[in-house]
Amino acid sequence: MVLDDYSTDTDPRTRSSWCINDPVIRLREWAGERAYGLPDPPVASKIGSASKCEVKLDDKSGLLSREHAQLTPCEGGWKIRDLESTNGLWCDGVRRPAFALRPGLEITIGGLRLIAESPGLAALRAVVSRFLGWAREHQSAVDDALHSLRDWAAHHAALVVIGDGDLTPVVERLHGLTLGPDAPLVVCGPGDDLAGGVQAAMHGTLCAVIRRRAEAHDLAEMLGPMEQPARPRIALCVGRAADATDVSITVGRSAVIGVPPLATRAGELERIVDESAADAAHALGAPSPGFTMHDLERLKAIEFKSFAEVTETVRRIIAMRTWGVTAGAARLGITHVSLSQWTRRLDRKLST
């Protein structure tokens with residue numbers, strides 16, 4: 001899909017869409033960390049293999065021209081133009097003579113596949129990496145997920161998230177970063193009224209937990225007669241890859257993101273907890289997680305089964321450490337008795 005298909009209108013009263021529209025600052029190699037910074041302050045610059053190019057790319061394929069493309073500053077960022085190179089300039093798989101750089105675009109120059117990256121996109125990528133993995137072998141899945149999120153934001157596909165446990169916090173976090181914090185989101189869990197969820201999410205996003213193929217079929221039946229402007233954007237949480245296939249059959253084109261089990265990421269769990277705690281503290285309005293040494297030891301001993309469990313655990317500990325049991329429980333929207341009982345259960349579980 002080319003650039004112009006991705007709206008930057010973020011008004012939640014109309015149609016929320018891809019909200020990452022800050023200026024591109026670098027071109028990063030797909031599925032990697034190597035990146036080529038763009039001139040700051042912005043000035044007209046050439047991209048190619050020649051040493052005199054302001055943005056000199058390292059491409060061993062032989063497909064890159066010495067002066068391959070021209071970068072020109074424009075309002076809001078950059079435009080890039082092909083300099084009649086042999087192999088052309090490609091944007092999201094389509095050869096184009098020129099286009100504006102926007103965060104997330106996949107640009108092929110010579111033999112290099114590059115991602116136009118802004119600070120906002122880098123922040124989204126950091127969160128996606130937390131969910132999918134930081135190891136080198138996971139980085140292609142991370143960039144595929146970024147592309148899937150752009151398709152979903154543009155209303156070109158339903159988002160299907162596969163993984164263990166409750167995946168709704170994963171969808172909620174990606175939704176906020178991709179569509180904006182004010183974009184409306186309705187979560188429909190197991191046993192909830194799916195038809196009511198569809199109606200409540202009109203002009204917004206519906207996150208539905210799908211446990212049976214019949215539920216996906218029912219959802220497709222509800223969406224079928226709806227006019228496109230009113231139809232909610234769909235995000236589905238499923239437990240198995242086979243379920244994703246079933247969902248695709250019933251709801252149409254889907255963009256799939258697979259979340260690996262936390263059991264396979266033991267070496268990354270401490271970092272996952274740290275980053276989840278930073279997110280939770282910000283969302284709760286706490287100045288910092290405020291963990292004690294005892295809290296850190298407890299967190300290391302927990303065998304987390306899902307990101308939902310990580311999120312809920314750190315939220316409760318942060319609320320208690322920042323505001324105490326009574327005020328912390330009020331901040332969480334639960335009773336102080338419930339929070340105290342949860343803490344005792346956690347301690348008993350870790351002591352056995």
Side-chain angles (χ1 to χ4, degrees), residues 1-6 8 18 20-126 128-129 132-151 154 156 255:
M1 201 62 57
V2 298
L3 164 70
D4 295 337
D5 292 319
Y6 292 93
T8 57
W18 179 254
I20 301 175
N21 55 9
D22 51 335
V24 171
I25 60 172
R26 63 182 187 173
L27 301 176
R28 177 180 56 80
E29 291 187 9
W30 186 85
E33 294 295 336
R34 175 185 280 180
Y36 304 92
L38 303 186
D40 184 21
V43 293
S45 308
K46 290 181 179 178
I47 298 179
S49 62
S51 58
K52 66 179 182 179
C53 287
E54 289 80 3
V55 182
K56 184 178 181 298
L57 304 182
D58 184 10
D59 180 14
K60 303 296 194 296
S61 69
L63 301 176
L64 182 69
S65 297
R66 289 181 56 78
E67 295 184 356
H68 199 107
Q70 175 81 36
L71 281 169
T72 305
C74 65
E75 184 177 356
W78 296 89
K79 287 184 178 179
I80 187 169
R81 176 174 57 87
D82 184 31
L83 293 177
E84 299 183 358
S85 62
T86 302
N87 294 294
L89 191 62
W90 299 72
C91 175
D92 284 343
V94 178
R95 186 164 182 167
R96 303 183 68 187
F99 52 91
L101 292 184
R102 294 289 184 265
L105 289 182
E106 296 178 15
I107 303 158
T108 301
I109 303 179
L112 294 178
R113 185 178 177 187
L114 304 171
I115 307 297
E117 198 161 70
S118 68
L121 187 75
L124 174 59
R125 178 175 173 245
V128 173
S129 295
L132 304 191
W134 290 284
R136 185 181 182 87
E137 62 266 24
H138 295 306
Q139 293 315 295
S140 59
V142 169
D143 276 332
D144 282 339
L146 292 176
H147 192 107
S148 293
L149 289 170
R150 282 202 298 141
D151 273 354
H156 295 146

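- Minimum interatomic distance between Leu63 and Asn87 (heavy atoms only, all atoms of both residues): O-ND2, 2.8 Å.
- Sorted by first and then second residue, the salt bridge (Lys or Arg N to Asp or Glu O under 4.0 Å) pairs with a member in residues 35-50 read Lys46-Glu67; sequence neighbours excluded.
- With values rounded to the nearest 0.5 angstrom, Arg96 atom CZ is found 15.0 Å from Arg81 atom CZ.
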Which pairs would a plain distance check flag for residues 133-141, meaning a side-chain donor or acceptor within less than 3.5 Å of a matching protein atom at least two apart in sequence or in another chain?
unit_1 : atom_1 : unit_2 : atom_2 : d
Gln139 : NE2    : Gly133 : O      : 3.2
Gln139 : NE2    : Trp134 : O      : 3.3
Gln139 : NE2    : Ala135 : O      : 3.2

| task | Could you give me the CA-CA distance, side-chain angles and deciding distance for Leu71 and Lys79, then say whether side chain to side chain contact (heavy atoms under 4.5 Å, CB included) is met? | result | CA-CA 6 Å; Leu71 281 169; Lys79 287 184 178 179; over 6 Å; no
Compile the donor-acceptor pairs under 3.5 Å between side chains in residues 104-115 and protein atoms, sequence neighbours left out, one pair per line.
unit_1 : atom_1 : unit_2 : atom_2 : d
Glu106 : OE1    : Arg113 : NH2    : 3.0
Glu106 : OE2    : His147 : ND1    : 2.7

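- Atom NE2 of residue His156 and atom CG of residue Asp151 lie 7.0 Å apart, to the nearest 0.5 angstrom.
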Output a table of donor-acceptor pairs, distance under 3.5 Å, between side-chain atoms of residues 30-38 and any protein atom two or more places apart or on a different chain; print 'none' if there are none.
unit_1 : atom_1 : unit_2 : atom_2 : d
Glu33  : OE2    : Arg125 : NH2    : 2.9
Arg34  : NH1    : Asp58  : OD2    : 2.8
Arg34  : NH2    : Asp58  : OD2    : 3.4
Tyr36  : OH     : Glu29  : OE2    : 2.9
Tyr36  : OH     : Asp58  : N      : 3.2

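- The environment of Glu84 atom CD is sparse: at most 12 non-hydrogen atoms of other residues, nucleotides or ligands sit within 6.0 angstrom.
- Evaluation of the side chain to side chain donor-acceptor pair (under 3.5 Å) rule for Ser49 yields no partner, not counting sequence neighbours.
- When every heavy atom of Leu27 is checked against every heavy atom of Ala116, the shortest pair comes out as CD2-CA, 4.0 Å.
- In terms of heavy atoms, Ser65 sits closest to Ser85 at OG-CB, 3.4 Å.
- Contact between Ile20 and Ser118 at its shortest, heavy atoms only, is CG2-OG, 3.7 Å.
- By the side chain to side chain donor-acceptor pair (under 3.5 Å) test, Arg26 is found to be paired with Glu117, residues two or more places apart in sequence or in another chain being considered.
- Pairing each heavy atom of Arg95 with each of Trp90, the nearest pair is N-CE3, 3.3 Å.
- One N or O on the side chain of Ser45 and one on the backbone of Val43 form a donor-acceptor pair closer than 3.5 Å.
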